[in-house]
A.B. asks: 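Please find one structure pasted underneath; my questions will follow.
Note that these values count all heavy atoms, side chains included, but never hydrogens, waters or copies made by symmetry. Throughout, numbering of the chain's residues begins at 1 and tracks the sequence.
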Amino acid sequence: MAGIAPGKAEGQGGDALLRLVADNVPALIAYYEPKNLSCVFANKAYAESNGWTVDSIIGKTVREAIGEKAWLMIEPQVARVLKGERVDYVRPMNLPNGEQRVIEVHLIPHFDGQAQMLGAFVLITDITRHRLAERSVRESEERLRKFAEATREGIFFHKNGVLADVNEALLQICGYAREEMIGTKVLEFVPPEWHLTMIEFMRREREEPYEAEIVHKKGHKIAVEIAAKTVYVNGEAQRLGALRDITARKHAEARIHYLAHHDMLTGLPNRAYLTERLTTILALARRHGTLVAIMFIDLDNFKTVNDTLGHHVGDALLKEVAARIKVVLREADMVSRLGGDEFLVILADFATPEDAGKVADKLLQTISAPIVLECHELYANASIGISVFPRDGDNPEDLIRHADAAMYSAKDHGRGHSRFYTPGLSSEGAEMMAREARLREALQLGEFVLYYQPQRSVQDLRLVGIEALVRWRHPERGLIDPSEFIEFAETRGLIDEIGHYVLREACRQNKAWQQAGFDAMPISVNVSAVQFRRGDLVAAVTRVLDETGLQARYLELELTEGLLMDTEIVGAALAGLRALGVTITIDDFGTGYSSLSYLKRYPIDKLKIDRSFIGDLGTDVDDRAIAAAIINLAKTLNLTALAEGVERQEQLDFLRAHGCDEFQGYLAGNPVPAEEFAAFARP
């Protein structure tokens, strides 16, 4: 080589060409003679990388050319090449500008024909970029490995459906060891019903996530979400998959779906689910020409149980009723809880409406059987309304609405029985709903007022008490008697609000009369069975007395005779009221079913003789005997006797002759507004 091996030069033109080639190749090139290790040739890149020019580096020894630090690093390699070895190695290199590089060095001994060493070629390639790329790949692979180890998602590689690698998370999800999975076909871990789905995603190299299932080593299926991408490993296409166990999510979704379609208390389908199923059932009935019955079931006394014994007992009662309904029905039938104490039953595929009537009778019988809950024996009587497809409607909405109307008709005509829908019931149900809405509106607008009826002493006609009676001052119909709305208010759950208004207003008015200088006397207020059974009557009375400032001895509460039979509830309430100092009166005495032992057991102060025994005192021997007996009973028990409905003098004379204490009625004074009552009560 010209300029390197003396005597082999081919002229000036050859040297120039050699120089041109050497200075333009992407490598560092030099040639050293072996005796002194002095540089004979160097291309421009080699010279400059060591801080020299091409001319200045010629004649420099290796040690001088590359510097002391580099010399110490390569000295052993130089010794090897001087022995005739070819040496290849990699080392770091610092450029004159301080930049660090990585170089690959090739030291190639040069011999003549007699095997005498003439020198050594130095060929250096800058492999910094390659090393950086390799390091990047290694770091990327390391990151991927750590990520695969750290993630809870199962990671796998497969080529043509055969697993090439899996991470630890996938092994834990599937329950297999690594050697059991590597080299195995992916589909061996997938249930047959999912094979086509997975094959389709692999064949089309689809990358969007999809749901499937895999089989655990123990045999159970696991719901998973899979996303896969095509990647290249060593130039070969493979599929990289990420698999996530979505069992918990599936359970949550199932739970949400269940909650959206079922009643949480009873576990029965709710109205939305029932309506959905009813649509399907009606479609089948149309196709096969069969009948479908809708039964709307409402418990007649649930509110009393709930208010008296508490919501936990009410909930237990609803669950028991739901279970009893299911026992009566066939597998093809369906029962739903609509909310509160209302249930809806679908009877599918039966022959005649009479068949539905028989099922309704069986339901009423089963529901009404005694239920023992927390030592209480309860009776859950029900009313049932029935509509029949296609006679009473062609769609779920109409059938349910008509069954509802029939149920209200059954309830309004005595309760505890069933009734089929007839066309007139829709308007009847609408009328009931309008009536209830108007009654609620009357409460909001304050249309209820109190009238006050005097109670007088039988002996001297002195005013001894007042009875507060509620009236509805209707803007169009005028004054409405309580007989038109009290019972209806009880069935619609409105009696609490009306009763609370009467109690508060009566106490407020009595206190106002006392403050005006009128003689202080008790005011009597009727209390419904519903109010008593709520269990908070004593607390409610205490609050009203505190708010109005009326002393308890000037309040008299009247309850019906039948209430005395509910010993557990009434006994505690009466004891609490007596402790307050409130007077207790039994209203309409003689018309109920109570035992006389209750009069001895409870803290009763007064008996009201029902007007039915007073009207014919002058002519009816039985009425005279009953009235006299009640008066004598009151005397014996040290109770006050008060007669209702006294309108004629001969009635008053009889009562006076037999020692009755008080009376009220036309002869004592009719009920009047507060402003007119002042004439009776003026001192």
A.B. asks: Please determine if Arg286 and Asp394 form a salt bridge, counting it only when a charged side-chain N lies under 4.0 Å from a carboxylate O.
C.D. replies: yes
A.B. asks: The test is side-chain contact (heavy atoms from CB on, under 4.5 Å); show your working for Ile367 and Val328 and say whether it passes.
C.D. replies: CA-CA 10 Å; Ile367 292 172; Val328 174; over 6 Å; no
A.B. asks: I need the minimum non-hydrogen distance between Ser368 and Asn381, along with the two atoms involved.
C.D. replies: CB-OD1, 3.4 Å
A.B. asks: Would you mind listing every salt bridge (charged side-chain N to carboxylate O under 4.0 Å, His left out) that reaches into residues 312-325, with sequence neighbours excluded?
C.D. replies: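 Checked against salt bridge (charged side-chain N to carboxylate O under 4.0 Å, His left out) - neighbours excluded - the pairs reaching residues 312-325 are Glu320-Arg324.
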A.B. asks: Using side-chain heavy atoms (C-beta onward) and a distance below 4.5 Å, is Ile199 in contact with Leu187?
C.D. replies: yes
A.B. asks: Do Glu484 and Arg435 sit within salt-bridge range, that is, some charged N less than 4.0 Å from a carboxylate O?
C.D. replies: no
A.B. asks: Output all residues satisfying side-chain contact (heavy atoms from CB on, under 4.5 Å) with Glu193, sequence neighbours left out; order by chain, then residue number.
C.D. replies: Pro191, Glu213, Lys221
A.B. asks: Closest heavy-atom contact between Leu399 and Asp392?
C.D. replies: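 That would be CD2-C, 4.0 Å.
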A.B. asks: Can you tell whether the side chains of Lys608 and Glu467 come within less than 4.0 Å, N to carboxylate O?
C.D. replies: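 Yes, Lys608 and Glu467 are salt-bridged.
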A.B. asks: May I have the list of side-chain donor-acceptor pairs in residues 334-346 shorter than 3.5 Å, sequence neighbours left out?
C.D. replies:
from	atom 1	to	atom 2	distance (Å)
Ser336	OG	Pro269	O	2.7
Ser336	OG	Asn270	O	3.3
Arg337	NE	Gly340	O	3.1
Arg337	NH1	Asp263	OD1	2.9
Arg337	NH1	Asp263	OD2	3.2
Arg337	NH2	Gly340	O	2.9

A.B. asks: Between the side chains of Arg438 and Glu447, is the shortest nitrogen-to-carboxylate-oxygen separation below 4.0 Å, so that they form an ion pair?
C.D. replies: yes
A.B. asks: Decide, yes or no, whether a salt bridge links Arg543 with Glu547 under the criterion of side-chain N to carboxylate O below 4.0 Å.
C.D. replies: no
A.B. asks: Regarding Asp300 and Ser383, is there a side-chain donor-to-acceptor distance under 3.5 Å anywhere?
C.D. replies: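 Per modelled atom types, Asp300 and Ser383 side chains form a pair under 3.5 Å.
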A.B. asks: Would you find a donor on one side and an acceptor on the other, under 3.5 Å apart, between the side chain of His474 and the backbone of Ile480?
C.D. replies: no
A.B. asks: Does a donor on one side chain and an acceptor on the other come within less than 3.5 Å for Glu558 and Thr585?
C.D. replies: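 There is no such pair between these side chains.
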A.B. asks: Between Asp333 and Arg330, is the closest basic N to carboxylate O distance under 4.0 Å?
C.D. replies: yes
A.B. asks: Could you tell me whether Arg401 and Asp398 have a side-chain N and a carboxylate O separated by less than 4.0 Å?
C.D. replies: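 Salt bridge present between Arg401 and Asp398.
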A.B. asks: For a quick test of reading the model, state the closest non-hydrogen atom pair linking Gly175 to Lys217 and the distance between them.
C.D. replies: O-CD, 3.3 Å
A.B. asks: Is the shortest distance from a Lys or Arg side-chain nitrogen in Glu205 or Lys229 to a carboxylate oxygen in the other one below 4.0 Å?
C.D. replies: no
A.B. asks: Can you check whether Thr184 reaches Phe189 side chain to side chain, under 4.5 Å on heavy atoms?
C.D. replies: yes
A.B. asks: Does a donor on one side chain and an acceptor on the other come within less than 3.5 Å for His251 and Arg255?
C.D. replies: no
A.B. asks: Measure across Arg239 and Phe201 and return the closest heavy-atom pair with its distance rounded to 0.1 Å.
C.D. replies: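 That would be NH2-O, 3.6 Å.
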A.B. asks: Regarding Arg203 and Glu200, does a basic nitrogen lie under 4.0 Å from an acidic carboxylate oxygen?
C.D. replies: yes
A.B. asks: Who passes ring-ring contact (aromatic ring centres under 6.0 Å, His included) against His216, sequence neighbours left out?
C.D. replies: His220
A.B. asks: Apply ring-ring contact (aromatic ring centres under 6.0 Å, His included) to Phe448 and list each qualifying residue two or more places apart in sequence or on a separate chain.
C.D. replies: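 By the ring-ring contact (aromatic ring centres under 6.0 Å, His included) rule, Phe448 matches Trp472, Phe485.
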A.B. asks: Apply side-chain contact (heavy atoms from CB on, under 4.5 Å) to Arg611 and list each qualifying residue two or more places apart in sequence or on a separate chain.
C.D. replies: Glu644
A.B. asks: Return yes if some donor-acceptor pair links the side-chain N/O of Thr366 with the main-chain N/O of Leu363 below 3.5 Å, else return no.
C.D. replies: no
